[in-house]
Protein chains: 2
Amino acid sequence: MQRARGFGEVLRARGLRRTAQRELVLAALADLGHATPEDIAGRVQRQAPDVNLSTVYRALDALVEVGLVARGHLDRAAASYHLVEHADHLHVLCEGCAAMAEVSSAEASALAARIEELSGFAVDVRHLLLRGRCPACRESPPGS
Amino acid sequence: MQRARGFGEVLRARGLRRTAQRELVLAALADLGHATPEDIAGRVQRQAPDVNLSTVYRALDALVEVGLVARGHLDRAAASYHLVEHADHLHVLCEGCAAMAEVSSAEASALAARIEELSGFAVDVRHLLLRGRCPACRESPPGS
DNA sequence: TTAAGTGCAAACAATTTGCATGGCA
DNA sequence: TGCCATGCAAATTGTTTGCACTTAA
């Protein structure tokens, strides 16, 4: 359970370094849950105004590469990131109002098993983002 | 089963028009299965070189709006479109080599029902894009 | 006839990259 | 000390928009 220590090790194991910026990005993600690069940069810059947006992008790439962070895809123009340790549930995004629900990823394990049986593909359901409509928006269809 | 006729009607019902460009976009999608706007534009331009990329974007928006086409999200920088009538299966994209497998969307109906039960969200599993690793790529992990 | 659709070019927004400097190991 | 990481600015890439012209209904 020593996140901070494991963090440095995991990076070093791949020839990457532990830096203040990368820690700030992790802290921002822990704080925000899931967020876009810009959200993360904003949060980080409250503590370190000089951290550049491109550094956030590069930090996110590094953290995804070592497996500490996962990338989602909210819509065509906005990537979404979250901590892997925070990813024991899948997200359902409402296409009407952008509300987000969370469901245990265990619910999807049967589907994952079936897909593997049928296609041989290993699906990682821990980082799954589904789209749907929340109870309130179900009454007002998309093209109304 | 008269796709062409239904096409015009569906558009007209929303005050939209049937045009040669929109038909070409539909034909391109029927041909390509799933494709990015640029892929589609390339295909369309083989028959009608003057069709502009922005027209393809606008045609796709219109077709999504009337429910003939669905939008997916391959990665941060590329939307993916496909015909709804071609969408009775969900796609699994290999993160290693970009291979694509298809599985009947019926497999996901149990998950959708469970999510609705738990959260009240209606999930549309007909247009689901999952990520995983194909049999070949499972042997070579992401950050190797 | 007339509102919707198109082509073109310019505007935007998200992300990436080159390069010189700074800092972990 | 060497190599990775950062800041900055410029370059790319994907997508949208304003406008005058064309066309389906």
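Letters go in sequence order (proteins before strands), and every chain restarts at 1.
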> How does protein reach along nucleotides 7-12 of chain D, written 5' to 3' as B (base within reach of a heavy atom under 4.0 Å), S (only sugar-phosphate), or - (no contact)?
Replying inline: BB----

> Residues from residues 38-48 of chain B sitting under 4.0 Å of DNA chain D, heavy atoms only?
Replying inline: B:Glu38

Below 3.5 Å is the cut-off: list the nitrogen or oxygen pairs between protein and nucleotides 22-25 of chain D, distance only.
from   : atom 1 : to      : atom 2 : distance (Å)
D:dA24 : O3'    : B:Arg18 : O      : 3.4
D:dA24 : N3     : B:Arg17 : NH1    : 3.3
D:dA25 : OP1    : B:Arg18 : N      : 3.4

> Which residues pass the side-chain contact (heavy atoms from CB on, under 4.5 Å) test with A:Ala62, sequence neighbours left out?
Replying inline: A:Leu16, A:Arg22

> Just how far, in rounded Å, is P of C:dC24 from CZ of A:Phe7?
Replying inline: 12 Å

>> Can you pull out every salt bridge (Lys or Arg N to Asp or Glu O under 4.0 Å) where at least one residue sits in residues 40-50 of chain A? Sequence neighbours excluded, please.
In response: A:Asp31-A:Arg43

> Does the distance from a Lys or Arg side-chain N to an Asp or Glu carboxylate O, for A:Glu65 and A:Arg14, drop under 4.0 Å?
Replying inline: no

> When the C1' atoms of the five terminal pairs at each end define the local axes, what inter-axis angle does the helix from C:dT1-D:dA25 to C:dA25-D:dT1 show, to 10 degrees?
Replying inline: 50°

> Can you name the residues that form a side-chain contact (heavy atoms from CB on, under 4.5 Å) with A:Ala122, not counting sequence neighbours?
Replying inline: B:Arg138

> Excluding sequence neighbours, so at least two apart, what forms side chain to side chain donor-acceptor pair (under 3.5 Å) with B:Thr55?
Replying inline: none

> Partners of B:Arg114 by salt bridge (charged side-chain N to carboxylate O under 4.0 Å, His left out), sequence neighbours excluded?
Replying inline: A:Glu107, B:Glu117

>> Test of understanding: with side-chain contact (heavy atoms from CB on, under 4.5 Å), list the residues that count as partners of A:Ala35, not counting sequence neighbours.
In response: A:Leu32, A:Asp39, A:Ile40

> Can you list the residues that meet the side-chain contact (heavy atoms from CB on, under 4.5 Å) rule with A:Ala48, with sequence neighbours excluded?
Replying inline: A:Leu24, A:Val51

>> Please confirm whether the shortest side-chain N or O distance from B:Tyr57 to OP1 or OP2 of D:dT16 is below 4.0 Å.
In response: no

>> Please enumerate all residues that pass salt bridge (charged side-chain N to carboxylate O under 4.0 Å, His left out) together with B:Glu38, with sequence neighbours excluded.
In response: none

> B:Leu24 has an atom CG; how far is it from atom C1' of C:dG7, in whole Å?
Replying inline: 15 Å

> Starting at CD of A:Glu23 and ending at C1' of C:dC24, how long is that distance when rounded to a whole Å?
Replying inline: 12 Å

